[in-house]
Amino acid sequence: MIEPSLAADAPRDEIERRLRQTEDELAQLSKISGGQELDLKDQIARLRARVDALRAALWRDPTPWQIVQVARHAERPKLPDYLSALFSDVVELRGDRLFADDRAIFCGLARFDGRAVAVIGHNKGKDTRENLERRWGMPNPDGYRKAIRVARLAEKIGVPVVALVDTPAAYPGIEAEQRGQAEAIARSILVMSQLRAPIVVAITGEGGSGGALAIAVGDRLLMMQYAIYSVIPPEGCAAILWRDAARKEEAAAALRLTAPDLLAAGIVDEIVPEPTGGAHLDAPTAIAALRDALRRALDAVREEEVPALLSERYAKFRRIGPFAG
Amino acid sequence: MIEPSLAADAPRDEIERRLRQTEDELAQLSKISGGQELDLKDQIARLRARVDALRAALWRDPTPWQIVQVARHAERPKLPDYLSALFSDVVELRGDRLFADDRAIFCGLARFDGRAVAVIGHNKGKDTRENLERRWGMPNPDGYRKAIRVARLAEKIGVPVVALVDTPAAYPGIEAEQRGQAEAIARSILVMSQLRAPIVVAITGEGGSGGALAIAVGDRLLMMQYAIYSVIPPEGCAAILWRDAARKEEAAAALRLTAPDLLAAGIVDEIVPEPTGGAHLDAPTAIAALRDALRRALDAVREEEVPALLSERYAKFRRIGPFAG
Amino acid sequence: MLNWLKRPKFDATVERREMPSGLWEKCPRCAQIIYVKELERNAKVCPKCGWHHRLSAAERLSLVVDEGTFEEWDGGMTSLDPLSFPKYAEKAREARAQTGSDDAVITGEGPILDVRAAVGAMDFTFMGGSMGAVVGERITRMFERARERGLPVITFSASGGARMQEGAISLMQLAKTSAAVGRLHDARLPFISVLCDPTTGGTTASFAMLGDVHIAEPGALIGFAGRRVIEQTINQKLPDNFQTAEFLQKHGMIDMIVPRTDLKEALARLLRLMLPHQPAQDARERNDDRAVAGR
Amino acid sequence: MLNWLKRPKFDATVERREMPSGLWEKCPRCAQIIYVKELERNAKVCPKCGWHHRLSAAERLSLVVDEGTFEEWDGGMTSLDPLSFPKYAEKAREARAQTGSDDAVITGEGPILDVRAAVGAMDFTFMGGSMGAVVGERITRMFERARERGLPVITFSASGGARMQEGAISLMQLAKTSAAVGRLHDARLPFISVLCDPTTGGTTASFAMLGDVHIAEPGALIGFAGRRVIEQTINQKLPDNFQTAEFLQKHGMIDMIVPRTDLKEALARLLRLMLPHQPAQDARERNDDRAVAGR
Ligand SMILES: [Zn+2]
Ligand SMILES: [Zn+2]
């Protein structure tokens, strides 16, 4: 036991607090060691082991609900982190050319590995101001319509679409209903299903129902190891099923919303590994893993001719859904 | 002189009043004659001659401004009159599937001569309530977007589009600008220019600038004899040119907005004759003339293959615009 | 002469759900007591207030498909319980027993006033008309078969959305059905979506909102997010007409609101217009046809 | 190191309009007195308030096209007076004399940071940048030629709209240019529309609003109907930012608002992204290129 004062069932945030503290100590020690040539090897090794143990403790056989919490973690890498780390020459394209520019969805052109792609992604904010402006990454109809416009541009100029999914849900607001939230989601699904350009989708955080699916129809579906993808938030499911939103842990388990569940169901094509405990604990490693997966997926889909791509894309969704008889 | 009390320069509305009065007398007399077998032939012939003379007086060498007034006449046949007289099985299609259903533009499917067509037309109201609802036939962006949707449906199902143009202008309002009046007009022009279905356009009343052109790009452009088609209303032109909207008569003449002018400029393909004095004096005759012209135009465009249709449509607009050098 | 359309009879060829027991029923809208036979004779439109009572899929089909002609497609498909979701197997079993249906949709082919069409009708009484793998598969197959056979498609949606108990699999049915609609559009075949009370959630956000023409029944609830979720999110009361057919029409989403008693004729007229190689038929001819054929 | 883009020089290869006489000028927005040479050195962006002063077509081209490379297309076309419109011939003559241009647009080909493109720039000083037959024809030919040669198109609009003095002929230029844009899109060639102050009326309602990407200059007036016409119609005052680039961006019509001093680089970056077979070039390489070529 590295951390004898820590109970086996210590709460998550207590473990996290200790982990950060140990990480800080480790960083300081490493700095001293490097600068002053002191031999602190032993001490550093001890601290490093403690960090690993704490992470492992934090992440021993995580429950679906724990994974939900990681997927929603405030410090989980978000679209801007992926944009700046994975893409160059980023040019944001704004507006649906109809009504508004929805800040909850980012669209743009950029380079990945030096080659042009269109990027579409949910855009959660980092602080209150951003979150208000972006509705916590919950799109309005204008967002999907912007996505459709930019996807069509990608089709026209012959570049693949990279879609990064991270939304709690489509925004449940009066204006969203007035402007046709349902129509916009349905249309986006239809357009993406027929888009004559390769589409690679990565669910990086929350894949929240229709708001996620609207930009998650593509040729390859990657999913970060601790992302979730669900038809309804666990809280909503519990409220409907047991009239008790507090039973969200049970609902989270019942919904089979984790990456391995979705891989098994034939929905997800590949799981992108995350550092122990989740991407927020070591963003660069998580982002690098996504880079590798995106690179492989893009290389594969770029090879294919459009008609083959479209048939396979259709077939991919066509076969999801087991039944009897 | 049939009407000795009428001065040679009697004002228009005075002549119109007498005309109606004489027409009423004539109608009554004809009824009596038919019912009671009395010989009123002479009297009827006299009244009939007076009616013709009054109409001719009303319409001796009309100025462009007089034609503007006829084109705008409150009793001029409007879209509902054409719809009920020329089409059967009319089914209105509402909404742009984006934001609203603009009542200033009617869209629907219907039969003309028993064959299916899509109908798109500006929809001026008959009374104040209707005019408020329909903004006097001045579309919002939603109107053009509905027109685009229904034109695309016509393309899909393989039926021609019949467009009936009668609008003072695109609606100059705050919301129209917010929702992209310019984009909507431009998009409609572009879509119509490439629509893979025949399009026959008839300017039935006011062809007001961009608001008219948005649904006036097609394979055949018919124009009612006393309709107008102009880049700017005469009042606006006078206000800009002479800073005096009252000089609208001069502006109306300068703008060359009458059917013969537009035929000469190669913009209009055919002038549809109206009864002396204008369609409002004898709507059935005017509507029947439009039926004949539409029938010929539709028969002609239905014969053509889509690629030829599109090249000719492009060429038609391509050659408009004389220049030196 | 009575217009037979105003007095539709339910079709015996389609399996039929029993009415609530008793001869009299209370209208949930106007609270009047109505004679059940009268309600049935009036296509379940309340004779007092005009409220369009919900119909089962079978009732729906009997109202629009020419009598005795409906040919069911893909019958006998029932849901698995791929997630082993709490109580799902049990609930589905109960729903099958109560409704006599396999799942929340019936699909097949049947002429509408002699115009051939593929028709799918959802059943809200079957687990809230929710769309899981069976509904998604049947709808998808219907669009695919219609495309192969050159038929137009009409759907009657009545659904609370995706079937939660099948998790993300049900979410994928949105993609599957929408993609199938896309292929029907490419084949230039008409698709009329009739949105019935209620159509919400994932069903609205997929095939039901992708019609060439959208028809709604008067007063029908149509929307994406649930009323309560919206009220909680924005912390304010919603207007009374919110998410009604009339509200959606104002906002550009619905072409026509058609009373149930006029629906069959409206559908046939539209289908004929949208299949330009079908001959037009006026009402008199149609009545003659019916008299001769005795259907 | 100074970024040369921040200190663009006007290109001598394109005919150039004289500045108002005098060494000093008053900024119409901040009312500060500015040294004219300083204003010119700063691409006519007010060094005090950032206001983007209007540019002639020639100035515009010299700002974005690589120095000394612009090849004009269809020069020497001038307007007729097809309607014998009061004073039109005279006004057009005056405009030609004052601006030294044939009409309100210059079109041609010129690389932008070495990316070949067709470029059209309108000139508001020529009869309010109005679009008559000459403007319509030159814009149309530019789109057509770009399509033939496989070039992307960039337009800089600055126009009050259709040229009233050519009546419905000018209205038809909306259709002509928009149809030409449609054909460029079909050929999958990029079109970037840069909306400059002011772009209104028929120009906005045609090619200028049909770009793959819409860029606006900060503060530019962009709209369809005139402010006064709207105020008269709705009988209320308009908000201050009404019809500004920023207003339009909020309402979904503008992709980016780019300060003039960054425009050339933004255009080149976009063109390279939209022509995926063009190699990417980072800024350092570009600077090296420039140093070597001495342009
Ligand atoms: Zn009732
Ligand atoms: Zn200034």
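In the text below, chain A, chain B and the rest are named by the order of the sequence lines, each starting its count at 1.
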| Which residue out of Leu241(B), Val217(B), Val191(B) racks up the most heavy-atom pairs below 4.5 Å with chain D? | Leu241(B)

| task | Among the options Cys237(B), Gly207(B), Ala216(B), Gly180(B), pick out the one with the most heavy-atom pairs lying under 4.5 Å from chain D. | result | Cys237(B)

| message | Quick check on the interface: out of Pro82(D), Gly161(D), Ala180(D), who has the most heavy-atom pairs with chain B under 4.5 Å? | response | Ala180(D)

| query | Looking at Leu248(D), Ile222(D), Leu174(D), Leu238(D), which makes the most heavy-atom pairs under 4.5 Å with chain B? | reply | Leu174(D)

| remark: Correct closest heavy-atom pair for Gly321(B) and Ile169(D) would be CA-CG2, 3.7 Å

| field | Where Phe317(B) and Ala175(D) come nearest, the two heavy atoms and their spacing | value | CD2-CB, 3.5 Å

| Contacting region of Leu221(B) [heavy-atom separation from chain D under 4.5 Å] | neither

| request: Show the numbers, then the answer: is there a side-chain contact (heavy atoms from CB on, under 4.5 Å) between Leu255(B) and Leu83(D)? | output: CA-CA 7 Å; Leu255(B) 284 166; Leu83(D) 312 187; 5.5 Å; no

| Top contributor to chain D contacts, counting heavy-atom pairs under 4.5 Å, from Ile232(B), Leu257(B), Leu190(B) | Leu190(B)

| field | Region of Phe247(D) that comes under 4.5 Å of a non-hydrogen atom in chain B | value | side chain

| message | Can you give me the closest heavy-atom contact between Val231(B) and Ala162(D), atom names plus distance? | response | CG2-CB, 3.5 Å

| query | Where is the tightest heavy-atom contact between Pro172(B) and Ile234(D), given as atom of each residue plus distance? | reply | O-CG2, 4.1 Å

| query | Do you know the tightest heavy-atom contact between Ala168(D) and Leu262(B)? | reply | CB-CD2, 3.3 Å

| request: Heavy-atom distances under 4.5 Å only: say whether Ile320(B) touches chain D with side chain, backbone, both or neither. | output: both

Would you enumerate the inter-chain donor-acceptor pairs between chain D and chain B whose distance is below 3.5 Å?
| residue | atom | partner | partner atom | Å |
| --- | --- | --- | --- | --- |
| Thr78(D) | N | Ala324(B) | O | 2.8 |
| Thr78(D) | O | Ala324(B) | N | 2.7 |
| Leu83(D) | O | Arg256(B) | NH2 | 3.1 |
| Glu137(D) | OE1 | Arg318(B) | NH1 | 3.0 |
| Glu137(D) | OE2 | Arg318(B) | NH1 | 3.2 |
| Glu137(D) | OE2 | Arg318(B) | NH2 | 2.9 |
| Glu144(D) | OE1 | Arg318(B) | NE | 3.2 |
| Glu144(D) | OE1 | Arg318(B) | NH2 | 3.2 |
| Glu144(D) | OE2 | Tyr314(B) | OH | 2.7 |
| Glu144(D) | OE2 | Arg318(B) | NE | 2.6 |
| Gln173(D) | NE2 | Ile320(B) | O | 3.1 |
| Lys176(D) | NZ | Ile320(B) | O | 3.1 |
| Gly182(D) | O | Gln194(B) | NE2 | 3.1 |
| Asp186(D) | OD2 | Gln194(B) | NE2 | 2.9 |
| Phe224(D) | N | Glu177(B) | OE1 | 2.9 |
| Ala225(D) | N | Glu177(B) | OE2 | 2.8 |
| Gln243(D) | NE2 | Glu177(B) | OE1 | 2.7 |

| field | Point-to-point distance, once rounded to the nearest 0.5 Å, from CE of Met172(D) to CD1 of Ile267(B) | value | 5.0 Å

| field | Max heavy-atom pair count under 4.5 Å with chain D, selected residue of Ala254(B), Gly210(B), Ala170(B), Ala186(B) | value | Ala186(B)

| message | Between Ile174(B) and chain D, with a heavy-atom cut-off of 4.5 Å, which part of the residue counts as in contact: side chain, backbone, both or neither? | response | both

| Heavy-atom contact with chain B under 4.5 Å, split by part of Met77(D) | both

